[in-house]
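A short worksheet on the structure shown next.
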Amino acid sequence: MAEKKKKAPASSKGMKVIAVFNIIVILAVLFAAAAALVILPRETVSTEENRTLTKFPEFSLSSYLSGDYTEGIAEYYDDTVPHRSDIKSIISTYILPLKGVKYGEDSIEIYGNVPAKPKQEPAATEPPATEPAVTETTGTGTAPAETTTVPVTTLPDSNEPAAEGEISDGIVVVNGRGIMLYGGAGGMDKSYADCMANYRKELGKDINIWSMVIPTSVSFYMPENYLSLTASEKDDLDSIAKLLKGVTPVDVYTPLLAHKNENIYARTDHHWSALGAFYAAQEFAKQAGVPFAPIEEYEKNTIRGYVGTLYGYTKSADLLNNPENFVYYRPKADIDGKLTVTKYDEWFTDPTEYSLLNDPTKMDKSQMYLTYGTDELITHVETGVKNGRILVVFKDSYGNALLPFLTSSFEHIYMCDIRYFKPNAMYFCQQQKATDVLFALSIYSAVGGNQECLNRILYQW
Amino acid sequence: MVFSKLFFVYLFLPLCLVIYWLARGTNNKNTVLILFSLIFYAWGEPVYILLMLLSAVVNYAAGLGIEKYRGRKTASLITALAVIYDLLMLGIFKYSGFIAENLNAFFSLSLPVPDIRLPIGISFYTFQTISYVIDVSWEDVAAQKRFKNFLLYVSLFPQLVAGPIVRYSTIEQEIQERHASAEDIAYGLNRLILGLSKKVLLANQLSVIADAALGNVGGATAFGAWYGAAVYALQIYFDFSGYSDIAIGLGRIFGFHFDENFRHPFVCKDITEFWQRWHISLSTFFRDYLLYVPIFGKRRKYGGLFLVWLCTGIWHGANWNFILWGLYYGFFVFFEMQLGKKRVKKIPALLRHLYSKPVIVIGFAIFYFEDLGQLGSFFRTAFGFGGHGIFGVQDAISLHNNCFLLIAAVLCSLPLIEGIKKLGEKAAPVRYISHFAAIPAAAVLLLLSSIMLVDATTNPFLYFRF
């Protein structure tokens with residue numbers, strides 16, 4: 001039988017006084033905090049997480065019966081805490097660092113999973129690694145918010161399905177820089193090359209097709225001591241270049257490596273920087289045989305206080321408390337009003353005149369990469385360049401930063417995000433009389449979950 | 001509703017406390033508790049609350065029927081029918097999908113697999129009602145005459161959805177008449193905060209390490225696999241014992257004295273002792289109601305043991321890894337039983353620790369991996385066949401990045417507070433100082449936990465899914 005309760009020892013008067021004091025203190029904290037949570041204005045947006053906070057749910061009988069309504073209220077209450085950003089900043093700066101110490105001379109910290117990667121000494125009989133680049137947590141443990149595998153989208157407040165595969169769930173912060181750990185292509189380099197071959201087949205021989213697979217900062221900034229934590233992006237880039245047939249690889253790794261001492265990647269964001277995109281665009285223009293404006297012909301703009309997406313994923317105090325500059329370049333042609341920029345919805349309908357770049361000073365500090373545009377809209381730029389070259393770019397968010405630097409090279413540019421693009425890719429290219437098609441994708445999209453988008457847009461109708 | 005949410009701590013609980021304390025007399029206080037318990041349950045289960053209410057009605061009526069026909073076969077029949085009803089509900093809502101899937105797999109059938117969402121807490125309140133019906137039948141307790149009182153026993157929100165499994169006899173008197181002294185309320189508040197802190201400050205943070213180590217166990221080192229499983233064991237302990245602390249603390253605030261559900265299980269020297277310290281309300285339930293069920297004839301000692309551990313496993317979830325987990329522990333308990341208590345106790349304590357800890361850690365790895373393929377991968381890695389070496393730089397980084405958290409977790413798994421209490425029993429100054437020091441400690445822990453809750457918007461207790 002269950003154990004019978006023991007009688008508590010008779011309490012002395014002194015103990016009673018302490019108990020009453022105990023009750024008063026704890027209830028004072030409890031009720032004061034409860035009152036603050038009810039009275040103070042609630043937050044609506046989380047800039048560091050790049051999302052709108054939970055809204056108070058709308059009542060319906062079905063949502064009530066499913067429990068969604070009541071759980072939604074609790075979710076709203078917890079998610080929209082007054083001064084949420086300040087509290088999260090306290091957590092990052094003062095509480096989470098109490099967990100331990102940084103490791104080694106490089107002060108490295110790991111967030112999330114170290115992705116599965118090729119084995120140290122593969123034996124001849126061992127099967128090849130089959131894990132995709134973006135790893136997923138298995139098992140039954142609860143995954144706390146800071147290691148969520150929910151991928152980043154550069155789209156705030158979008159109702160679209162979340163973009164997949166742009167970010168690893170294993171991140172290290174080393175020397176004040178957030179670096180995503182790469183899991184390896186695991187065979188998807190071959191399927192990417194196959195996919196490109198399908199594009200060649202469908203688009204015919206008279207069109208230039210370029211494949212620009214963009215490495216991430218792990219290829220350039222991971223200290224040698226920790227290379228065992230990540231697979232080699234360079235190996236997979238080389239493998240893709242070898243496997244491509246009928247499609248020309250654009251090697252951006254080499255020029256980026258040559259400029260690794262410059263700010264070619266953001267320290268606090270999972271994207272590259274404008275300068276990185278410039279060197280990549282330069283390499284592409286060289287291979288494509290089109291004119292290309294030097295960096296001096298751009299207006300350089302610097303905004304302070306940029307803390308990008310990687311803080312939202314890691315809650316790292318090192319990232320939060322060491323913001324970087326967000327630097328972007330505006331083409332002269334844009335300043336002179338020579339560019340005509342039209343944005344369409346994902347079906348390529350509903351054209352609207354736009355500016356080439358958004359104003360980052362009006363953005364939250366975590367979202368400045370949106371300066372280059374949001375992902376879901378198809379962008380058409382008529383540049384005023386008269387060389388008859390028409391470029392369609394199929395890209396993920398990495399590709400956005402290339403656009404300003406291509407405006408001196410092509411007569412027309414169409415920027416299409418593979419995750420949102422609704423027309424048929426082949427028909428679209430034919431309709432726009434494209435002379436060049438560029439696939440500008442981060443390696444995470446090329447050999448990760450977004451690869452299926454490439455296949456989808458080629459065959460969808 | 002989940003305890004580890006600001007919504008519960010700072011809205012539901014203060015409202016409940018104020019109204020409860022405003023109510024006069026046990027009967028009115030019971031009404032308040034029932035209302036808040038029903039709101040608490042209906043918050044997550046607006047439909048399945050009917051199932052819980054039906055269970056209360058059926059078992060209440062069964063109790064009355066057993067009492068009325070006591071001494072006759074009808075009483076046994078009513079007991080059997082009530083237990084069958086309880087088990088049937090559990091079977092339908094928890095195991096029907098699993099059973100259908102496995103029948104299809106083993107016998108190449110194509111039975112439709114029902115997709116039934118598990119009603120929160122059904123495993124806990126069903127076991128409570130079963131224990132009540134059997135206890136009434138065995139004349140260990142008198143049947144509760146007032147439905148309202150019985151409903152309070154079944155629905156009492158502190159332990160409704162994730163235990164401990166409270167026996168009716170434990171709170172029989174307190175349902176009808178109870179008093180919460182200042183010491184009770186202070187103890188209850190501090191215990192609640194302790195439980196919340198275990199969950200938010202320890203379990204949630206440990207889960208980050210465990211998931212990082214076990215999430216890609218195929219790519220881990222041997223150390224990483226053991227480290228991940230050991231941290232997961234600590235995580236589960238703080239998660240579940242934290243919930244029990246909150247339940248016990250809340251109960252005490254309202255004047256109920258629930259039995260302890262955990263007694264620092266990791267200090268155990270052998271596996272038998274581990275289960276005397278881990279989820280005690282479940283172990284004692286099976287011990288009291290299942291171990292000596294006479295269905296194995298002369299071999300009932302071993303048959304009962306097998307049944308207990310099979311049920312312990314499957315109670316935790318409709319999956320093969322849980323069954324394996326239960327039988328795995330059953331094997332070691334059987335092994336220790338065969339050795340004999342006296343012989344086991346003669347083995348030096350250090351050796352017993354060296355034997356029991358790896359067994360426990362592997363047990364939690366079995367618990368973690370619902371995918372048996374992943375479990376196989378864990379075993380390969382843990383025993384040096386994973387191909388990623390014994391110890392890697394990621395292990396060194398993780399150990400450094402979490403060293404203080406790990407030390408705190410190990411220390412908090414030891415009976416430190418109990419040690420201070422024992423000292424306090426002998427020396428009044430220690431008692432005064434420790435009780436006084438507990439006040440700022442509890443306030444700081446409450447604030448810290450609340451701050452961390454802002455960062456953990458979706459982190460239910462793991463035992464919710466049982």
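Residue numbering restarts at 1 for every chain, and letters A, B, ... go by the order of the sequence lines.
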Under 4.5 Å from a heavy atom of chain B, the part of [X] involved:
| X | result |
| --- | --- |
| A:I23 | both |
| A:L98 | backbone |
| A:V172 | neither |
| A:V81 | side chain |
| A:F31 | side chain |

With only heavy atoms counted, which part of [X] is less than 4.5 Å from chain A, the side chain, the backbone, both or neither?
| X | value |
| --- | --- |
| B:I407 | neither |
| B:I185 | both |
| B:L399 | neither |
| B:A396 | both |
| B:I165 | neither |

Of the non-hydrogen atoms in [X] and [Y], which two are nearest, and what is the gap between them?
| X | Y | value |
| --- | --- | --- |
| A:L96 | B:M452 | CD2-CE, 3.8 Å |
| B:A443 | A:I26 | N-CD1, 3.7 Å |
| B:I397 | A:Y226 | CD1-CD2, 4.0 Å |
| B:N401 | A:Y103 | ND2-N, 4.0 Å |
| B:A182 | A:K16 | CB-CG, 4.4 Å |
| B:P46 | A:L65 | CG-O, 3.6 Å |

Nearest-0.5 Å distance, [atom1] of residue [X] to [atom2] of residue [Y]:
| X | Y | atom1 | atom2 | answer |
| --- | --- | --- | --- | --- |
| B:L6 | A:T80 | CG | OG1 | 10.0 Å |
| B:K5 | A:D79 | NZ | CG | 8.5 Å |
| A:M15 | B:Y432 | CE | OH | 6.5 Å |
| B:L201 | A:K99 | CG | NZ | 11.5 Å |
| B:I451 | A:D86 | CD1 | CG | 11.5 Å |

Any [X] side-chain heavy atom under 4.5 Å of [Y] side chain:
| X | Y | answer |
| --- | --- | --- |
| B:L189 | A:L27 | yes |
| B:L447 | A:V29 | yes |
| A:N22 | B:H435 | no |
| A:Y111 | B:V208 | no |
| A:V101 | B:C403 | yes |

Next on the checklist: Does atom CZ (B:F436) have a neighbourhood of more than 12 heavy atoms from anything else shown, all under 6.0 Å?
Outcome noted: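 Counting neighbours around CZ of B:F436, 12 or fewer heavy atoms of other residues, nucleotides or ligands fall under 6.0 Å, so no.
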
Checklist entry - Is it true that atom OH of A:Y94 has more than 12 heavy atoms of other residues, nucleotides or ligands lying nearer than 6.0 Å? => result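 Open.
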
Item to check | Parallel, tilted or perpendicular: ring planes of B:F7 versus A:Y77, cut at 30 and 60 degrees | outcome: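 Correct class here is perpendicular.
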
Next on the checklist: At a heavy-atom distance under 4.5 Å, which candidate from B:I439, B:L405, B:V9 has the highest pair count against chain A?
Outcome noted: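 Highest number of heavy-atom pairs under 4.5 Å: B:I439.
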
